[in-house]
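Contents: one structure, followed by commentary.
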Amino acid sequence: AAKAVSPTGWRFRSGARELCQYLDVRGIRRILLDDSSATVEEAADRAAELTRQFQLEAWCHVLSPADAAKLYAGDPAALEAAGDAVGLPLSSILLLSAEP
């Protein structure tokens, strides 16, 4: 699939914006997992840029880079913390990743 490059330097598969818009229209909360940022502030800046670029609702929560890395590593406590941050039980969380 074609990939677009955002000002953040991230590459997105076609349909990423539409998926986020679909989730927004249905009131489904989105959490940004950014394990490539060095700081929480940088991750928040990236989230804001993606919101502007894709013309989306704001992210419900932006995981700290450390928590995002733990989540990608499969740490169940990190998944529970992400759910707690947006008020969802573990059974109500779906993770979508750009990673294969």
Side-chain angles (χ1 to χ4, degrees):
K3 292 184 179 183
V5 179
S6 78
T8 62
W10 289 354
R11 296 185 181 276
F12 294 95
R13 294 183 187 267
S14 62
R17 176 181 179 217
E18 291 78 8
L19 175 60
C20 288
Q21 289 173 327
Y22 176 90
L23 297 173
D24 287 346
V25 166
R26 283 149 186 84
I28 299 171
R29 291 168 258 183
R30 293 178 287 108
I31 300 173
L32 182 66
L33 286 80
D34 176 9
D35 65 343
S36 62
S37 290
T39 65
V40 173
E41 293 79 14
E42 186 180 328
D45 289 345
R46 284 184 175 208
E49 177 56 39
L50 291 174
T51 298
R52 284 188 295 276
Q53 178 190 357
F54 283 176
Q55 300 174 341
L56 301 170
E57 300 292 325
W59 298 87
C60 293
H61 182 65
V62 179
L63 284 181
S64 71
D67 286 342
K70 289 177 188 175
L71 192 58
Y72 275 119
D75 181 348
L79 186 58
E80 288 183 42
D84 290 346
V86 295
L88 290 174
L90 196 54
S91 62
S92 296
I93 296 175
L94 169 67
L95 292 177
L96 300 174
S97 174
E99 300 299 318

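Contact between Q55 and Q21 at its shortest, heavy atoms only, is O-NE2, 4.3 Å. Taking every heavy atom of both residues into account, S37 and P65 meet most closely at O-CB, 3.2 Å. Closest heavy-atom contact between A78 and D67: CB-O, 4.0 Å. The two residues R29 and L88 have their closest heavy-atom pair at NH2-CD2, 3.2 Å. For W59 against C20, the heavy-atom pair with the smallest separation is CH2-SG, 4.3 Å. Nearest heavy atom pair, residue L63 against residue I31, reads CG-CG2, 3.9 Å.
Legend: residues meeting side-chain hydrogen bond (donor to acceptor under 3.5 Å, both in side chains) with R30, ordered by chain and number and at least two apart, are D24.
Here L71 contributes atom CG and E80 contributes atom CD; the two are 11.0 Å apart, rounded to the nearest 0.5 Å. Distance check, rounded to the nearest 0.5 Å: OG of S64 to CD of E42 gives 12.5 Å. Between the CG atom of L33 and the NE2 atom of H61 there is a distance of 9.0 Å, given to the nearest 0.5 Å.
Under the 4.0 Å criterion applied to side-chain N and carboxylate O atoms, R52 and E49 are assigned as salt-bridge partners.
No side-chain heavy atom of L50 sits under 4.5 Å from any side-chain heavy atom of L56.
Hydrophobic clustering (side-chain heavy atoms under 4.5 Å, transitive across Ile, Leu, Val, Met, Phe, Trp, Tyr) keeps V40 apart from V86.
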